[in-house]
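Here's the structure we're looking at; comments come further down.
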Amino acid sequence: MNLYDHTKIEKKWQDVWESSEPNKVTEDNKKPKFFALIEFPYPSGAGMHVGHIRSNTAMDIIARKRRAEGFNVLYPIGWDAFGLPTENYAIKTGIQPAIITKENTDTFRKQLKAIGFSFDWSREINTTDPAYYKWTQWIFLQFLKKDLAYKKKMTINWCPKDLIGLANEEVIGGCCERCGTKVEKKEKEQWMLAITKYAERLDKDLDDTDFLEKIKIQQRNWIGKSEGAEIDFKIKGSEDKIKVFTTRPDTIFGVTYLVLAPEHTLVEELLSKVSNKHEVEKYIKAVKEKTDIERTDAKTEKSGIELKGISVINPANMEAVPLWIADYVLADYGTGAVMAVPVHDERDLQFSKKYNLPIKEIELLDIKEATDKYGKLITKFKLRDWVFSRQRYWGEPIPVVHCEKCGIVPLPESELPLELPKVENYAPTQNGESPLASITDWVNTKCPTCNGPAKRETDTMPNWAGSSWYYLRYTDPKNSKAFADKKNLEYWGQVDWYNGGMEHTTLHLLYSRFWHKFLFDLGLVSNSEPYKKRTSQGLILAEGGAKMSKSVGNVINPDDIVKVVGADTLRVHEMFMGPFDQAIAWDTNTIAGSRRFIERVWKLHEKVSENAKNKKEEIAVLVHKTIKKVSDDIEEMRFNTAISSMMVLINVLEKQENISKHDYEVLLKLLAPFAPHVTEELWKIMKNDDSIHGGIWPKYDPSRLVESTVTISVQVNGKTRGSFISKIDEDDENVKKTALDMDETKKWVGNNAVKKVIIIKNRLINFVVGFP
RNA sequence: GCUCGGGUGGCGUAAUUGGUAGCCGCGUAACACUUAAAAUGUUAUUUCCUUAUGGAAGUGUGGGUUCGAUUCCCGCCCCGAGCACCA
């Protein structure tokens with residue numbers, strides 16, 4: 001018989017699928033729909049990562065199973081292609097980012113096709129395609145119309161190496177997420193999106209989703225909803241009040257001083273009345289010079305200064321307490337002012353000790369009563385508005401102009417897409433302007449309203465923009481009249497299952513939920529949540545457990561693996577390595593096991609016999625059990641144990657003299673989503689005309705999951721001393737009698753009195769005896 | 001510090017959710033096939049004591065509940081991820 005030749009088989013079927021497009025879907029109302037989604041990749045120059053394969057294969061298995069279950073499955077793919085690495089490469093080489101992107105997507109497409117994913121390639125999208133980003137810009141204009149996009153002068157996180165402003169989410173431990181450089185502060189006018197307006201719903205609506213619990217928790221922590229009281233403290237001898245926010249109004253009698261953030265708007269007003277004005281000004285200046293990291297690190301010692309000559313009145317006991325400003329109070333959370341209760345707050349305690357402020361012991365009030373009596377109930381969020389500007393070239397141009405007369409004027413929708421102009425030099429400028437600023441004939445334009453001279457906005461959008469709505473575009477990727485046709489949006493509805501990385505939980509996942517809710521409010525989509533279910537895969541680390549990185553040189557190239565053992569083996573291996581949701585170190589040596597498994601499946605077809613005489617109950621039961629196990633495990637993403645159970649089955653089948661066509665084909669069907677090429681080939685060898693991937697998912701008979709005999713374990717005082725084979729559901733008395741007859745039982749029970757007998761049906765019997 | 005995970009053979013892991021701990025795979029050893037090697041197949045493989053037989057210990061650690069605990073409860077130690085002066 002012929003040997004298993006993965007190169008030949010995989011090439012053969014990939015060619016067939018390329019021309020016949022079996023996974024191209026249309027909106028077919030006769031079938032239930034299933035929308036499977038993976039995060040579309042950023043087509044980096046490094047090519048595909050084995051981590052992509054882990055996520056893609058998992059959803060591919062689910063998509064293929066759903067097809068076999070009769071669903072109309074949309075499993076699309078595209079490119080999230082705007083971004084810094086491409087731009088930096090362009091700066092270095094002078095090659096246009098669009099050309100680099102084209103090369104990279106070509107490579108990725110080729111690599112993905114070589115793994116045999118069942119994507120609908122006819123719906124491929126690319127965020128850098130003007131026909132696509134036309135609609136990203138269009139959605140931005142809708143935000144602008146609803147005043148949810150606005151410009152704000154603010155201190156931004158500035159990366160001095162990448163010369164770019166970063167969103168809070170992109171600052172990791174005070175450093176740039178991309179290059180690790182320490183982030184600095186810079187004053188800049190920025191475009192903002194008012195995600196905080198949606199904070200309440202983004203938090204609450206998680207209740208209705210089927211996201212993994214840890215994903216919900218992480219989003220909730222990020223949104224940071226907290227309920228507390230807003231309480232007014234009057235400034236003594238003035239009508240002015242200071243509003244503080246506290247979650248502990250019950251501690252109000254313990255207030256010994258009040259603290260304002262150094263940036264609090266009241267500070268400037270109060271300065272004239274302060275007796276130590278000079279010192280206070282000096283202190284504020286010093287704080288502002290500190291970087292965010294120095295300022296917000298909980299470990300650095302707190303500092304502050306008293307506003308001498310000013311005191312505030314505690315509304316609970318009318319006591320006058322001093323007013324301070326301190327760097328541990330944040331201007332942009334709550335009201336920027338806190339009441340300090342050293343007995344109940346660790347930070348206030350530290351501060352009090354440092355500056356010798358009094359510490360007052362108190363009895364707590366009822367939290368509800370205190371809120372009603374002294375203030376009002378209020379909800380605050382940690383979530384901040386989204387900094388939406390980037391001073392870079394390779395992003396969607398923000399479609400507005402600045403007119404001297406009319407101010408900020410949105411481009412008319414008819415002028416979309418506003419395409420990126422070709423430039424010579426992609427490098428950002430030292431003064432923080434986008435490279436677009438230097439293209440004067442593009443920048444200088446006419447105001448759409450008054451026709452007078454105007455300048456185009458030169459900031460571009462962050463690369464989270466295009467990915468905030470891409471799944472909607474898949475439903476109707478070529479539409480030029482709308483971002484997608486209403487009918488298609490309705491047909492595909494919510495994404496049924498979205499798998500991706502945990503690192504996107506507080507960025508992409510939250511941003512896209514926000515955009516979706518906005519579109520829902522405009523009546524453009526019919527669900528308020530984009531994703532029904534969200535799961536995530538664990539990282540694949542390099543051998544030894546370090547992160548894979550190009551600079552360390554420990555990156556595994558999937559092409560090399562495919563060449564040697566084939567795509568089917570690589571897919572099975574990545575699913576078999578370990579639990580899907582846990583990080584795991586790559587180990588090239590163990591691939592041999594997955595390869596052997598596929599070779600054994602291949603070889604087994606020689607044992608298939610039309611008149612196989614195996615009517616063994618043991619095998620029939622095992623086949624039913626395996627169908628159940630594999631089916632259930634795929635739903636729970638326990639791919640490792642699904643494969644393990646197929647291995648158990650083949651270990652038994654191999655030992656038979658011959659096997660039935662039926663049993664073999666069940667194995668092939670179960671394996672098909674994991675290893676689509678080899679199973680299709682074997683399906684044809686079994687003389688089937690149809691495709692294995694179009695067929696019917698195997699069913700099991702629940703009544704045939706157990707054998708007629710079971711092994712009963714015999715324990716004495718909870719220790720296993722022997723076992724025997726019994727009829728299933730044997731009468732307790734008979735089980736007891738058999739067990740007592742055994743030599744092992746006699747030996748361990750001895751002459752001791754049996755105090756108690758515990759029988760677990762079909763599993764064990766335990767004799768509890770008194771010790772001598 | 002807070003919030004989530006996790007700790008089981010030489011290694012990756014599994015365990016019907018309280019019921020024979022170690023399935024499946026890797027590796028290792030011996031044997032078969034071979035002139036030989038590779039591949040493949042067979043057998044063994046938690047550790048310790050024991051000639052076999054047979055014992056004992058054993059799921060990070062210390063307690064507890066139970067006839068019985070990897071699983072449940074309490075305390076502690078390590079590892080990973082996320083957040084972090086959020087009042």
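Lettering follows sequence order; numbering is per chain, from 1.
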What is the separation between atom NZ on A/Lys547 and atom P on B/A81, rounded to the nearest whole Å?
9 Å

Answer with base, sugar-phosphate or nothing: what part of the nucleic acid does A/Arg600 contact at a heavy-atom distance below 4.0 Å?
sugar-phosphate

Tell me: CE of A/Met575 to C1' of B/C24, nearest whole Å?
17 Å

Would you tell me if any nitrogen or oxygen in the side chain of A/Asn221 comes within less than 4.0 Å of OP1 or OP2 on B/C4?
no

Here the distance between atom P of B/A87 and atom CD1 of A/Ile252, to the nearest Å, is 17 Å

Please give, in whole Å, the distance from B/C24 P to A/Ile591 CD1?
22 Å

Measuring from A/Glu213:CD to A/Leu206:CG, what's the distance to the nearest 0.5 Å?
9.5 Å

Got a sec, which residues hit salt bridge (Lys or Arg N to Asp or Glu O under 4.0 Å) with A/Asp587, two or more places apart in sequence or on another chain?
none

Pairwise C1' distance, B/G62 and B/G10 [rounded to whole Å]
28 Å

Scoring nucleotides 43-57 of chain B by protein non-hydrogen atoms under 4.0 Å (B base, S sugar-phosphate only, - none) yields -----------SSSS

What distance, rounded to whole Å, do you find between the two C1' atoms, one in B/G9 and one in B/G27?
12 Å

Look at the side chain of A/Asp327 and decide which nucleotide, out of B/A21, B/C85, B/A87, has an atom nearest to it.
B/C85

Would you confirm whether the ring centroid of A/Phe576 sits within less than 6.0 angstrom of the ring centroid of A/Phe597?
no

Heavy-atom contacts under 4.0 Å between residues 642-649 of chain A and RNA chain B, which residues?
A/Ser644, A/Met647, A/Val648

Among the nucleotides B/U16, B/U20, B/C24, whichever has the atom closest to the side chain of A/Arg763 is B/U16

For A/Asn554, check side-chain hydrogen bond (donor to acceptor under 3.5 Å, both in side chains) against everything at least two apart and list the hits.
none

Given atom CD1 of A/Ile584 and atom P of B/C26, what is their separation to the nearest angstrom?
15 Å

C1' atoms of B/G19 and B/G55, separation to the nearest Å
23 Å

I'd like to check the salt bridge (Lys or Arg N to Asp or Glu O under 4.0 Å) partners of A/Lys625; sequence neighbours left out, ordered by chain and number.
none

Using OP1 and OP2 only, check whether a side-chain N or O of A/Lys214 sits under 4.0 Å from B/G5.
no

Compare the minimum distances between each of B/C67, B/U20, B/C83 and the side chain of A/Trp222, then state the nucleotide with the smallest one.
B/C83

B/C11 and B/C72, which share atom name C1', separated by this distance in whole Å:
30 Å

Atom CD of A/Glu654 and atom C1' of B/U42 are separated, to the nearest Å, by 13 Å

Can you sort out the partners of A/Phe580 under ring-ring contact (aromatic ring centres under 6.0 Å, His included), two or more places apart, ordered by chain and number?
A/Phe639

Once salt bridge (Lys or Arg N to Asp or Glu O under 4.0 Å) is applied, do any residues pair with A/Glu635, and if so which ones, sequence neighbours excluded?
A/Lys65, A/Arg66

Give A/Val244 one of three labels, base, sugar-phosphate or nothing, depending on what nucleic acid heavy atoms sit under 4.0 Å from its own.
nothing

By the 4.0 Å heavy-atom rule, please label A/Thr505 as base, sugar-phosphate, or nothing.
nothing

Of all the nucleotides listed (B/C67, B/G12, B/A87), which has the minimum atom distance to the side chain of A/Ile758?
B/C67

Please give the distance between the C1' atoms of B/A21 and B/U28 as a whole number of Å.
22 Å

No-H, no-angle donor-acceptor pair, A/Lys302 side chain to B/C85 base, under 3.5 Å:
yes

Interatomic distance, A/Lys736 atom NZ to A/Ile759 atom CD1 [nearest 0.5 angstrom]
7.0 Å

Selection from B/G19, B/C4, B/G82 that lies nearest to any side-chain heavy atom of A/Ile217
B/C4

Within the structure shown, what part of the strands sits under 4.0 Å from A/Val338 by heavy-atom distance: base, sugar-phosphate, or nothing?
base

If we take the P atom in both B/G6 and B/C67, what is their distance in whole Å?
29 Å

For B/A38 and B/U61, measure between their C1' atoms and round to the nearest Å.
47 Å

Separation of B/C2 P from A/Asp345 CG (nearest whole Å):
14 Å

Show the distances under 3.5 angstrom between N or O atoms of the protein and N or O atoms of nucleotides 27-30 of chain B.
residue, atom, partner, partner atom, Å
B/G27, OP2, A/Arg596, NH1, 3.4

Same-atom distance (C1') from B/G41 to B/U34, integer angstrom
13 Å

Looking at B/G1, which nucleotide sits across from it as a Watson-Crick or G-U wobble partner, both distances under 3.5 angstrom, or is there none?
B/C83

Can you measure A/Leu764 atom CG to B/G18 atom C1' for me and round it to whole angstrom units?
11 Å

Please report the C-alpha distance between A/Glu39 and A/Arg534 in whole Å, then the side-chain angles of each, then the deciding distance to 0.1 Å, and finally whether the salt bridge (charged side-chain N to carboxylate O under 4.0 Å, His left out) criterion is met.
CA-CA 11 Å; A/Glu39 285 160 356; A/Arg534 166 80 179 191; 2.7 Å; yes

Step-by-step side-chain contact (heavy atoms from CB on, under 4.5 Å) determination, A/Trp748 to A/Gln715
CA-CA 9 Å; A/Trp748 288 97; A/Gln715 302 185 340; over 6 Å; no

Let me know, please, whether A/Asp348 or A/Gln218 comes out on the 5' side of the other along RNA chain B by nearest nucleotide.
A/Gln218

Sorted by chain and number, sequence neighbours left out, side-chain hydrogen bond (donor to acceptor under 3.5 Å, both in side chains) with A/Arg220 holds for A/Asp207

With sugar-phosphate meaning primed atoms plus P, OP1 and OP2, does A/Asn640 contact a base, only sugar-phosphate, or nothing at under 4.0 Å between heavy atoms?
sugar-phosphate

The criterion is side-chain hydrogen bond (donor to acceptor under 3.5 Å, both in side chains); which residues satisfy it with A/Tyr374, sequence neighbours excluded?
none

Does A/Arg595 come within less than 4.0 Å of A/Glu599, counting only side-chain N to carboxylate O?
yes

For a quick check of understanding: with a heavy-atom distance under 4.0 Å over all strands, which category does A/Gln715 fall into, base, sugar-phosphate or nothing?
base

Base, sugar-phosphate or nothing for A/Ser723? Non-hydrogen atoms, less than 4.0 Å.
nothing

Residue whose closest nucleotide on RNA chain B lies nearer the 5' end, A/Tyr333 versus A/Ser594:
A/Ser594

For A/Ser631, all residues meeting side-chain hydrogen bond (donor to acceptor under 3.5 Å, both in side chains), sequence neighbours excluded
A/Trp697

Glycosidic torsion of B/G9 (syn if within 90° of 0, anti otherwise) classifies it as syn

With sequence neighbours left out, which residue pairs that include part of residues 708-734 of chain A fulfil the salt bridge (Lys or Arg N to Asp or Glu O under 4.0 Å) condition?
A/Asp732-A/Lys761

OP1 or OP2 of B/U16 under 4.0 Å from side-chain N/O of A/Asn762
no

